Amino acid sequence: MTAALSSQPDSSGGHRRYDPLETEQRWQAHWKDIDLDRTPVDGDARTPFYALSMFPYPSGSLHMGHVRNYVITDVIARVQRMRGHAVLHPMGWDAFGLPAENAAIERGIDPAVWTDRNIDQMKDQLARLGLSIDWTREQATCHDDYYRWTQWLFLELHDGGLAYQKEAQVNWDPIDQTVLANEQVDADGKSWRSGAVVEKRLLRQWFLKITDYADALLDDLEQLKGWPERVRTMQANWIGRSKGAEIRFHLAQVDGASTQPDQDITVFTTRPDTLFGASYVVLAPEHPLVDAITTDDHRSSVTAFRDLMSTLSNEERTADDQPKRGIPIGAEVINPVNGKRLPVWIADYVLADYGTGAVMGVPAHDQRDFLFARRHELPVRVVIQVPGADEHLVDGEAWTEPGVLIHSGRFDGMPSDQAKEAITSQGSKEGWATPKVQFRLRDWLISRQRYWGCPIPIIHCESCGAVPVPRHELPVQLPKDVDLSGRGGSPLAQLESWTSVPCPCCGKPARRETDTMDTFMCSSWYFLRFADPSNREAPFTPEAIGRWLPVKQYVGGIEHAILHLLYARFFTKALRDRGLLTIDEPFERLLTQGMVQGVTYRNPRTGRYVAPNQVTDEGDPRDPDDGGELEVLFEKMSKSKYNGVDPAAVIDRYGADTARMFILFKTPPEKDLEWDDADVEGQFRFLQRLWRLVESACTESDQRVSLAKDQSLELPATLTNAEQDVRRAVHTAIAEIGEDLSGDFQFNTAISELMKLSNALSGHLAGVDPAVRQEALSVLIRLMAPFAPHLAEEFWSRLDGEASVHQQSWPQHDPSALQKDTIELVIQVKGKVRGSLQAPANADKETLEQLALASDVAVKWLEGQPPKRVIVVPGKLVNLVP
RNA sequence: GGGAGCCUGGCGGAAUUGGUAGACGCAGCUGACUCAAAAUCAGCCGGCCACUGGUCUUGGGGGUUCAAGUCCCCCGGCUCCCACCA
């Protein structure tokens with residue numbers, strides 16, 4: 001059986017050539033036959049290890065970014081298997097989303113058909129990489145046996161009070177009469193399809209209350225020790241917790257106002273300690289109170305100002321170079337802490353949807369307020385001592401640091417920290433302040449007015465309201481007979497036969513919810529489904545989750561640092577609180593791999609990208625159009641930059657093992673990788689050197705090795721120097737690679753250790769004891785197996801190894817093999833290396849010091865004077881300080 | 001503006017966590033083999049100099065230390081995230 005699987009001799013002689021394509025195809029077929037990658041069954045006693053790549057969108061073609069992602073995860077999965085873990089390494093498809101719908105609009109293809117065809121294509125491409133994925137657990141979020149449970153989980157959140165509806169803005173295309181996703185709106189605010197200026201419209205939409213978990217999502221970042229620091233910071237910034245107080249300013253009677261409502265303006269501030277320095281209060285132009293409190297003499301200018309604001313896009317309104325615009329509205333409020341009257345303004349720099357949409361202006365201690373006050377000639381009152389300036393500002397800037405209070409009545413002399421509490425607490429007693437924690441994080445808008453998504457399982461009834469579709473009626477399937485012209489609003493809303501249903505509660509005619517869910521919903525729980533992939537009764541069982549989750553190692557792009565990872569964490573916590581699982585966090589360790597970049601030719605004058613095959617001379621690249629010199633850069637691979645490298649082409653030429661080795665060796669996984677054909681070639685050469693090494697062990701009589709179980713040899717009692725050298729190289733490699741693959745994964749140095757081992761063995765196996773040779777090759781092949789799985793398997797088989805190399809255990813290093821009799825002792829003089837000598841490895845400090853002092857180097861550099869100080873680092877160096 | 005990360009030969013990158021800077025590879029150079037080329041094999045490969053030795057060198061400057069790529073302070077550059085967030 002095994003012999004039949006081996007490479008055929010090539011026609012030119014007895015020696016075999018390395019033919020990666022033939023070898024890889026043969027082993028991939030064999031592994032499939034023996035079901036090598038199947039996840040161990042539930043009763044398996046080994047410690048579970050869940051390795052997961054972020055699943056892809058099935059665009060139809062695999063790119064290098066995918067390859068890098070899945071190869072990294074695959075190596076981790078393979079190493080953990082050999083280390084004796086029960087490994088779960090699944091794959092699926094994040095299959096709902098706009099591209100399928102666009103294909104339908106443009107080419108009339110059913111999105112389901114288009115998506116499934118793409119999945120098939122990408123699976124074929126993935127198969128060639130030799131990934132040890134258990135495909136029996138495959139999931140696609142657009143299949144109803146998956147989205148049924150997405151709907152089920154939505155209802156769980158709904159039951160838990162975490163799903164609700166409210167009015168929110170959408171992008172409305174007035175020509176196509178449809179809602180656009182943010183990505184479909186150009187930078188200049190126009191529709192990607194019709195080119196019409198996109199309008200903002202208010203629509204009643206579904207939200208998830210992720211803000212209920214803001215504190216937990218922030219605090220639990222502490223636990224995620226296995227996450228990159230920068231991802232944790234990004235999430236913390238996104239959640240954006242700030243502590244402060246809400247302060248209520250009561251409206252004052254104003255002369256000339258016909259009526260004044262008995263109203264408060266509530267502001268949020270993180271600096272209650274600066275309350276005495278307030279010189280005005282500003283509302284967002286959209287603030288609901290503006291109409292009611294604007295005085296008659298200001299009404300026309302206020303209306304004009306608000307109209308101007310509503311026509312500006314967000315970008316225009318928040319542009320850096322814009323001065324802070326605003327106008328007074330006539331009303332006045334009383335500063336509750338000192339009774340001063342302050343004017344009320346509206347201004348563009350106040351955001352309606354953060355805090356209370358109102359701010360107290362303290363120009364002396366907030367830079368924005370300062371600029372605003374200077375522009376509109378509002379008073380600046382210093383109430384925090386400014387160092388070196390007594391009571392005034394220096395440098396024409398606000399003083400925003402905490403400090404000691406002045407001009408603040410009985411709070412004078414208090415440091416900011418204390419004053420914040422004292423002023424808030426006085427306000428609480430007097431009823432004008434409330435301590436408040438404010439978050440930047442907003443509730444998650446999940447409604448999409450699109451077809452190709454998971455339908456929200458709700459029925460709207462005039463008498464019963466929003467009624468959940470009963471669980472046993474799930475899934476709410478996407479209808480087939482739908483008009484996907486891209487016009488006339490939500491495709492589902494136009495399908496009367498689908499939308500009109502009886503109310504599950506009262507049976508009266510009712511209407512289905514026609515929004516579908518944000519695709520981030522589908523990807524917020526897929527890692528749970530992989531633990532229990534074919535359960536027809538529930539999305540998963542707590543037992544299955546308990547066995548596999550949390551994911552031990554999650555691998556994916558940094559672009560998901562915020563949204564996907566935050567949503568998945570939110571789902572996990574919400575489902576925990578619904579009693580569906582017991583973990584707090586879904587992903588124990590996270591590796592964010594860098595981009596894959598290609599050589600890019602760019603004309604610096606025109607900004608045009610030039611395809612490599614059009615560049616006139618690669619040494620001195622010039623634009624074929626204008627003859628101008630081109631700059632050579634590395635940028636993320638993309639069609640428009642003509643710098644993509646097709647994985648299939650690389651595999652055709654060198655095989656998957658070379659591609660895997662190159663990607664892992666070139667750079668550490670979290671850094672960007674610059675694709676370089678010469679380096680790929682270099683990896684191919686390395687694999688060929690390995691091939692020749694093993695070839696010799698098959699054919700040369702003084703190097704022959706068999707790894708068959710009944711051929712297992714014992715090491716001789718004493719070893720020659722050459723044999724010791726071989727063993728030292730072998731066991732050093734085990735130790736070093738073991739180190740590189742624990743904790744942080746350093747595949748690049750692991751592979752360089754493989755190269756060192758190969759260099760140490762090549763030409764040094766002839767004539768050494770057969771047991772030493774056998775050990776050396778057995779170790780080498782097992783160490784390379786996770787990286788180059790096909791070639792390792794081929795070697796294992798050719799040397800008569802038992803079963804599959806991928807079922808072998810990871811080698812353990814023998815510390816005694818690392819020992820040396822003598823070491824190179826470095827002699828330093830005042831910290832500079834001046835020479836070295838051979839010293840016994842076990843020599844004590846005194847001996848080493850004596851050896852060093854007696855050396856030629858010491859004699860030369862110390863010029864006969866005894867050193868003032870001698871530092872001995874045993875096994876390393878002696879530093880002589882004259 | 002706030003936050004995070006990074007900066008080492010021609011290039012990608014190593015460096016036992018304070019102990020020989022430049023492992024491993026790419027590119028380049030020299031030689032062997034060849035009619036020749038490729039492949040392969042052997043070797044060289046940071047700069048400077050009075051070149052069998054010395055000296056400088058990890059973005060720049062300072063400091064701590066017997067010893068600094070590594071620790072501390074100042075400055076510069078690049079990348080990413082957030083951003084009128086009160």
Side-chain angles (χ1 to χ4, degrees), chain A residues 228-242 244 267-271 274 282 284 317-320 322-325 347-351 353-362 365-369 371-372 400 438-441 558-559 561-562 592 594-595 634 661-662 665-668 670-683 685-686 688-689 692 735-736 739 746 748-759 762-763 824-836 860 867-882:
Chain A
E229 184 61 38
R230 65 178 185 134
V231 175
R232 294 196 286 170
T233 335
M234 277 158 79
Q235 292 219 346
N237 290 344
W238 186 262
I239 296 165
R241 179 162 62 192
S242 49
V267 307
F268 172 71
T269 179
T270 55
R271 295 296 301 273
T274 64
V282 218
R317 193 167 145 182
T318 61
D320 272 345
Q322 284 295 338
K324 304 204 179 316
R325 289 165 291 201
D348 59 356
Y349 78 97
V350 180
L351 308 175
D353 60 354
Y354 183 77
T356 59
V359 180
M360 64 182 199
V362 185
H365 305 294
D366 180 283
Q367 188 59 22
R368 291 163 312 216
D369 295 345
L371 293 175
F372 189 76
T400 57
Q438 188 67 45
F439 293 93
R440 214 192 66 95
L441 183 70
I558 187 74
E559 67 273 20
I562 298 176
T592 48
M595 293 186 297
F634 280 95
M661 294 282 284
F662 162 75
F665 176 68
K666 174 83 180 169
T667 202
E670 64 281 358
K671 293 187 79 172
D672 289 347
L673 184 154
E674 298 176 352
W675 191 271
D676 181 348
D677 290 334
D679 283 327
V680 180
E681 200 82 48
Q683 277 310 313
R685 283 203 296 265
F686 173 52
Q688 287 174 304
R689 283 203 297 280
R692 285 193 292 274
E736 294 291 330
E739 182 72 19
Q746 295 171 322
N748 55 331
T749 48
I751 289 175
S752 79
E753 290 299 328
L754 277 179
M755 291 170 168
K756 284 187 205 171
L757 178 57
S758 155
N759 292 342
S762 298
E824 187 193 27
L825 183 71
V826 167
I827 316 287
Q828 293 185 338
V829 178
K830 205 169 179 295
K832 286 202 173 2
V833 180
R834 293 304 179 187
S836 67
K860 176 178 170 188
K868 281 207 200 90
R869 230 181 127 180
V870 180
I871 292 103
V872 182
V873 184
K876 288 254 173 248
L877 56 81
V878 177
N879 190 7
L880 307 170
V881 187

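Within every chain, numbering begins at 1; the chains are lettered A, B, ... in the order of the sequence lines, protein sequences first and strands thereafter. The structure presented is a predicted model; accordingly, all values stated were derived computationally and were not measured.
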Novice: Suppose we screen for salt bridge (Lys or Arg N to Asp or Glu O under 4.0 Å). Which residues come up paired with A:D366, at least two apart in sequence or across chains?
Specialist: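 Partners of A:D366 by the salt bridge (Lys or Arg N to Asp or Glu O under 4.0 Å) criterion, ordered by chain and then number, come out as A:R368.
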Novice: Does atom CD of A:E559 have more than 12 heavy-atom neighbours, drawn from other residues, nucleotides or ligands, at distances under 6.0 Å?
Specialist: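 Yes - once you tally the heavy atoms of other residues, nucleotides and ligands closer than 6.0 Å, there are more than 12.
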Novice: Tell me every residue that passes ring pair (Phe, Tyr, Trp, His ring centres under 6.0 Å) with A:W238, counting only those two or more places apart in sequence or in another chain.
Specialist: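 Not a single residue meets the ring pair (Phe, Tyr, Trp, His ring centres under 6.0 Å) criterion with A:W238.
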Novice: Looking only at atom C1', what distance separates B:A21 and B:G47, rounded to whole Å?
Specialist: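 Here B:A21 and B:G47 have their C1' atoms 15 Å from each other.
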Novice: Sugar-phosphate means primed atoms, P, OP1 and OP2; the rest is base. With that split, encode nucleotides 2-18 of chain B 5' to 3' as B, S or - using protein heavy atoms under 4.0 Å.
Specialist: -SS-------BSS-B--
Novice: Between A:F439 and A:Y354, which heavy-atom pair has the shortest distance, and what is it?
Specialist: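 Looking at all heavy atoms of both residues, the closest pair is O-CE1, 3.6 Å.
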Novice: Touch check for A:R692, heavy atoms < 4.0 angstrom, all strands: base, sugar-phosphate only, or nothing?
Specialist: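 Here A:R692 touches the backbone only, sparing every base.
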Novice: Under a 3.5 Å cut-off for both distances, is B:C51 Watson-Crick or wobble paired, and to whom?
Specialist: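 In the structure as shown, B:C51 has no Watson-Crick or wobble partner.
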Novice: Donor-acceptor pairs are to be reported for all side-chain atoms of residues 230-237 of chain A against protein atoms at under 3.5 Å, with residues two or more places apart or in another chain.
Specialist:
residue, atom, partner, partner atom, Å
A:R232, NH1, A:L221, O, 3.2
A:R232, NH1, A:L224, O, 3.4
A:R232, NH2, A:E229, OE1, 3.0
A:T233, OG1, A:E229, O, 2.6
A:Q235, OE1, A:R569, NH1, 2.7
A:Q235, NE2, A:A561, O, 3.0

Novice: Counting only side-chain N and O atoms of A:R440, is one of them less than 4.0 Å from OP1 or OP2 of B:A83?
Specialist: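 Indeed, a polar side-chain atom of A:R440 lies that close.
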Novice: Scan residues 869-882 of chain A for pairs that pass salt bridge (charged side-chain N to carboxylate O under 4.0 Å, His left out), counting only residues two or more places apart or in two chains.
Specialist: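 Output for this query is empty, none listed.
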Novice: In whole angstrom, give me the gap between the P atoms of B:G54 and B:G62.
Specialist: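 Comparing P positions in B:G54 and B:G62 gives a spacing of 26 Å.
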Novice: Hey, does the side chain of A:N879 come within less than 4.0 Å of B:U20's phosphate (OP1/OP2), counting only N and O?
Specialist: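 So the side chain of A:N879 is outside the cut-off, no N or O lying under 4.0 Å from OP1 or OP2 of B:U20.
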Novice: Contact class for A:G240 vs. all strands (heavy atom < 4.0 Å): base, sugar-phosphate, or nothing?
Specialist: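 Counting heavy atoms under 4.0 Å across all strands, no contact is made by A:G240.
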Novice: Can you tell me if A:R834 touches the phosphate of B:U55, counting only side-chain N or O atoms and a distance under 4.0 Å to OP1 or OP2?
Specialist: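 Yes.
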Novice: Could you check if the base of B:U58 is syn or anti? Syn means the glycosidic torsion is within 90 degrees of 0.
Specialist: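 Anti conformation for B:U58.
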Novice: Applying a 4.0 Å non-hydrogen cut-off, can you work out what A:I562 is touching in the nucleic acid: base, sugar-phosphate, or nothing?
Specialist: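 Since only primed, P, OP1 and OP2 atoms lie under 4.0 Å of A:I562, the category is sugar-phosphate.
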Novice: Taking atom P in both B:G1 and B:C75, compute the distance separating them and give it to the nearest angstrom.
Specialist: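 Approximately 14 Å lies between the P atom of B:G1 and that of B:C75.
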Novice: Just the table, please: protein N/O against nucleotides 43-51 of chain B N/O, every pair under 3.5 Å.
Specialist:
none

Novice: Sticking with atom C1', work out how far B:U16 lies from B:C26, rounded to a whole angstrom.
Specialist: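 It comes out at 26 Å once rounded to the nearest Å.
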Novice: Hey, does A:Q438 reach any base, or is it just sugar-phosphate, or nothing, if we go heavy atoms under 4.0 Å?
Specialist: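 Touches nothing.
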Novice: What nucleic acid atoms does A:D369 come within less than 4.0 Å of, heavy atoms only: base, sugar-phosphate, or nothing?
Specialist: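 A:D369: no heavy atom of the nucleic acid under 4.0 Å.
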Novice: NA contact type, A:V881, heavy-atom cut-off 4.0 Å: base, sugar-phosphate, or nothing?
Specialist: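 Counting heavy atoms under 4.0 Å across all strands, the contact made by A:V881 is with sugar-phosphate only.
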Novice: In whole Å, what separates the C1' atom of B:G22 from that of B:C7?
Specialist: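 My reading of the C1' atoms in B:G22 and B:C7 gives 16 Å.
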Novice: In terms of the nearest nucleotide of RNA chain B, which residue is placed more toward the 5' end: A:G355 or A:A678?
Specialist: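 That would be A:A678.
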Novice: Between B:C41 and B:G59, how far apart are the P atoms? Round to whole Å, please.
Specialist: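 It comes out at 35 Å once rounded to the nearest Å.
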Novice: Tell me what A:V833 touches on the nucleic acid: a base, only sugar-phosphate, or nothing, going by heavy atoms under 4.0 Å.
Specialist: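 Contact class for A:V833: sugar-phosphate only.
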Novice: On a whole-Å scale, what distance lies between the P atoms belonging to B:A27 and B:A39?
Specialist: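 After rounding to an integer number of Å, I get 9 Å for this pair.
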Novice: NA contact type, A:Q688, heavy-atom cut-off 4.0 Å: base, sugar-phosphate, or nothing?
Specialist: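 Result for A:Q688 = nothing.
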Novice: Rounded to whole angstrom, note down the C1' distance from B:C11 over to B:U64.
Specialist: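 Comparing C1' positions in B:C11 and B:U64 gives a spacing of 35 Å.
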Novice: CG of A:L673 versus C1' of B:C26: gap in Å, rounded?
Specialist: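 These atoms are roughly 13 Å apart.
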